[in-house]
Amino acid sequence: MIPTDLLFSLVWFSLKFLFVESWTLPRAGSLEFSLRRSSRYSNSLIPNIGKMDTQHLAASVSSTSTDVATELDSLFQSLEVLPKMIVFDLDNTLWTPELYQIRQRQAPRVNKDIRLFDDARLILEYFAKNPNKVDIQFALASRTNKSNWAHQLLDDFSVTDSNGDKVSIRSLFPFIEIQTGSKKTHFAKLRQDSGLAYSQMLFLDDDVRMNLNEISQMGILCCHTPRGVTMGHFMKAVQKYSELKAGHDDKHWMGYILDHENLGLEEPQTVQAGSILNGRIKFFSPQKKFGFITDVDSNQEFFFHESKVPGGMMPQTGDLVVFESSMDGGGRPSAVILSSGKTGTTTSSTISKASSVETVEMPCFSMSQPFAALLLNGVKTVESRRQPMFQDLKPGTRVLLSCGRKDWPDQQSFRQILAEDGSMSEKEIQNAGRLPKGFRKGDVVGVITIGNTRLTNAVERNNPKLQRQVLAYADGIGKCCTEITQAQWLTKPFSTKGQPGIYSLHLPKECLPPDH
């Protein structure tokens, strides 16, 4: 007779052999995650829970609340076990924009300055109309320094209940934790106040790095909602919870992170920073001076501020625009509007992603005035930086030059050096530092060819010859000096937002000088 412990080992390793191909476990903290658990168990095998039955699961919201109710009713009736508590983040999960993006003193107005995501509203309304249908409690865990705004918005946002009356969404959340600091504190308080185990909770949040990683390590099942909660995220996360939990007690480990891949949802299209896109202004508030643009291809939303709109342009909801994607300080998608998209032109300042205009990809860097003009006019012949910039580019590489929006603080040293040199008149010096007509700060204005880069010492930086080439005195010369062997103005400028260091840029070939 086979001993019990030996039989168990044989069965376990057989299962492990069969299912190891289905569940890949990067360490906690990796952003290339499938279904993941805390780093404490990163070498363990997640139990195979089989393919998800998608019969009742909608990847996107249905057209009416009646359809949503039917889908949710069917889902809840089909599941063996449900989470006792579903915890939501607020910013970029239930509503948009994030509170830190709203630059005003008074609280934002609902459906004007801030709005609920469409599917979030439908989910909340279902529970408002069916308060006793399922044994699930809602909670909030939000990390913000705008807690007074958040509490006000919970009172101001409303949904319709079973009687047809408007009720605040606050009434749907018996447990609310809104404060700064780690969300571990939020969940410790939620467990204390509710008496529920962490394994009985499901958490939805848009932030993987700071929130979901640390909360999953507490043994809480987490779901990543990168662009707000959708019906697909909500329903499939609840189903996945049931499959993981079925047949286990409250101590069963649930510290995994769910994403679009292991939920079987379509991967959200992510637009890279620096892309030139066609979009439509979804919302703009002239009073609050901010709005949102929806990319016409990916349907991704981008925040923009009035300061990122070209002078003279008056953005309005519904307008087509050409914009450049970027990231704000918090890593959220934001936009710099380049021009109106009504004409679809790609001439002086914009290029449409759908355009047939031939482009060339080239490295680009930024330089402040007057040195951008001095370099392209052949007066400045060496570029210096305190840190290496061109170390990854071979001598002879052509590099685009973007003119910075801010002038260099020292506007006198280059004039003194050129005056002492005696080769140019005062008027010639003045003209050499100016941009040609039609060229503006912020435009890509020229193309240069770089030569060799060398490290200089203090003696060399005090040499008048090098100072003349760089157009700066010793204290203004960086230790890394790069020879510029050729410099030319573009035939017409190209508007785009500059970036630090060397970055890649797609430029219409028609902008390049003829010999390029």
Could you go through Gln430 and Glu428, starting from their C-alpha distance and side-chain angles, then the distance that decides it, and tell me whether this counts as side chain to side chain donor-acceptor pair (under 3.5 Å)? CA-CA 5 Å; Gln430 187 175 8; Glu428 288 174 331; over 6 Å; no

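- Between Leu401 and Val447, every side-chain heavy-atom pair lies at or beyond the 4.5 Å cut-off.
- Distance CG/Asn211 to CZ/Phe187: 8.5 Å, rounded to 0.5 Å.
- Inter-residue side-chain proximity for Val322 and Leu277 is flagged as unmet; no heavy-atom pair is nearer than 4.5 Å.
- Of the charged side-chain nitrogens involved, none lies within less than 4.0 Å of a carboxylate oxygen, so that Arg280 and Asp295 do not count as a salt-bridged pair.
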Ring pair (Phe, Tyr, Trp, His ring centres under 6.0 Å) between Phe365 and Phe390, worked out: CA-CA 10 Å; Phe365 77 107; Phe390 303 106; 5.3 Å; yes

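- In this structure Ser182 satisfies the side chain to side chain donor-acceptor pair (under 3.5 Å) test together with Glu214, sequence neighbours excluded.
- Looking at Lys394, its side chain never comes within 3.5 Å of a backbone N or O of Gly396 through a donor-acceptor pair.
- Judged by distance alone, the side chains of Gln469 and Gln467 never bring a donor and an acceptor atom under 3.5 Å apart.
- The salt bridge (charged side-chain N to carboxylate O under 4.0 Å, His left out) contacts involving residues 460-489 comprise Asp421-Arg468, Arg454-Glu460, where partners must be two or more places apart or lie in separate chains.
- With sequence neighbours excluded, no residue forms a ring pair (Phe, Tyr, Trp, His ring centres under 6.0 Å) with Phe117.
- No side-chain heavy atom of Pro395 sits under 4.5 Å from any side-chain heavy atom of Ile450.
- Remark: Arg115 pairs with Glu301 by the salt bridge (charged side-chain N to carboxylate O under 4.0 Å, His left out) rule, at least two apart or across chains.
- Side chains of Val309 and Val321 form no contact here, defined as non-hydrogen atoms less than 4.5 Å apart.
- Going from atom CD1 of Ile257 over to atom OG of Ser216 covers 4.0 Å, rounded to the nearest 0.5 Å.
- The shortest heavy-atom contact between Leu512 and Thr491 is O-CG2, 3.4 Å.
- When every heavy atom of Pro108 is checked against every heavy atom of Leu153, the shortest pair comes out as O-CD2, 3.5 Å.
- Of the possible donor and acceptor atoms, none in the side chain of Lys240 sits under 3.5 Å from a partner among the backbone N and O of Leu258.
- Separation of atoms CG (Leu90) and OG (Ser142) is listed at 4.0 Å; rounding is to 0.5 Å.
- In the displayed structure, Gln106 atom CD is contacted under 6.0 Å by more than 12 heavy atoms of other residues, nucleotides or ligands.
- Under the rule for a side chain to side chain donor-acceptor pair (under 3.5 Å), the partners of Lys166 that lie at least two apart in sequence or sit in another chain are Thr160.
- Taking 4.5 Å as the limit, every side-chain heavy atom of Ile337 sits out of range of all side-chain heavy atoms of Lys308.
- The closest side-chain donor-acceptor pair between Ser334 and Ser326 falls under 3.5 angstrom.
- With sequence neighbours excluded, the residues forming a salt bridge (charged side-chain N to carboxylate O under 4.0 Å, His left out) with Asp205 are Lys183, listed by chain and number.
- With hydrogens and angles ignored, the 3.5 Å screen pairs a side-chain donor or acceptor of Asp319 with a backbone N or O of Gln316.
- Applying the salt bridge (charged side-chain N to carboxylate O under 4.0 Å, His left out) test to residues at least two apart or on different chains, the pairs with a partner in residues 147-156 are Asp155-Arg170.
- At least one donor-acceptor pair closer than 3.5 Å links the side chain of Thr230 to the backbone N or O of His233.
- Outside the 6.0 Å centre-distance limit, the rings of Phe414 and Trp408 are not counted as a close aromatic pair.
- Not one N or O on the side chain of Ser158 forms a donor-acceptor pair closer than 3.5 Å with the backbone of Ser168.
- Ile215 places none of its side-chain heavy atoms less than 4.5 Å from the side chain of His186.
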For Phe323 and Phe304: C-alpha separation, side-chain torsions, deciding distance, then whether ring pair (Phe, Tyr, Trp, His ring centres under 6.0 Å) applies. CA-CA 10 Å; Phe323 69 98; Phe304 74 94; 8.9 Å; no

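- Rounded to the nearest 0.5 angstrom, Leu375 CG and Trp489 CH2 are separated by 9.0 Å.
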Can you list the steps and then say if Asn92 with Arg227 is a side chain to side chain donor-acceptor pair (under 3.5 Å)? CA-CA 6 Å; Asn92 204 41; Arg227 296 177 194 159; over 6 Å; no

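- Among all heavy-atom pairs drawn from Asp89 and Phe203, the shortest one is N-CE1, 4.0 Å.
- Contact check for Leu505 versus Met362: no side-chain heavy atoms found under the 4.5 Å cut-off.
- The backbone N or O of Thr449 sits less than 3.5 Å from a side-chain atom of Thr485, completing a donor-acceptor pair.
- Contact between Ile448 and Ile484 at its shortest, heavy atoms only, is CD1-CD1, 3.7 Å.
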Step by step, work out the ring pair (Phe, Tyr, Trp, His ring centres under 6.0 Å) result for Phe290 and Phe284. CA-CA 6 Å; Phe290 73 86; Phe284 178 71; 8.1 Å; no

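- Taking Asn452 as the reference, nothing meets the side chain to side chain donor-acceptor pair (under 3.5 Å) condition, with sequence neighbours excluded.
- Under the salt bridge (charged side-chain N to carboxylate O under 4.0 Å, His left out) criterion, Asp410 pairs with no residue at all, not counting sequence neighbours.
- Between His224 and Pro226 the shortest side-chain heavy-atom distance falls below 4.5 Å.
- Under the side chain to side chain donor-acceptor pair (under 3.5 Å) criterion, Thr144 pairs with no residue, sequence neighbours left out.
- Without hydrogens or angle criteria, Gln369 side chain to Ala373 main chain gives a donor-acceptor distance under 3.5 Å.
- A ring pair (Phe, Tyr, Trp, His ring centres under 6.0 Å) check over residues 453-479, counting only residues at least two apart or in different chains, returns nothing.
- No side-chain donor-acceptor contact under 3.5 Å links Asp443 to the backbone of Phe439.
- Under the salt bridge (charged side-chain N to carboxylate O under 4.0 Å, His left out) criterion, Arg385 pairs with Glu383, not counting sequence neighbours.
- Judged by distance alone, with hydrogens and angles left aside, the side-chain atoms of Lys380 form a donor-acceptor pair with the main-chain N or O of Val470 at under 3.5 Å.
- Here the shortest heavy-atom pairing between Pro370 and Gly433 reads CB-O, 3.7 Å.
- One finds the OG1 atom of Thr381 at 7.5 Å from the CG atom of Leu471 (value rounded to the nearest 0.5 Å).
- Counting all heavy atoms, side chain and backbone alike, Leu263 lies closest to Ala237 at CD2-N, 4.0 Å.
- Interatomic distance, Arg121 CZ to Leu94 CG, rounded to the nearest 0.5 Å: 11.0 Å.
- In terms of modelled atom types and a separation under 3.5 Å, the side chain of Asp119 and the main chain of Met231 share a donor-acceptor contact.
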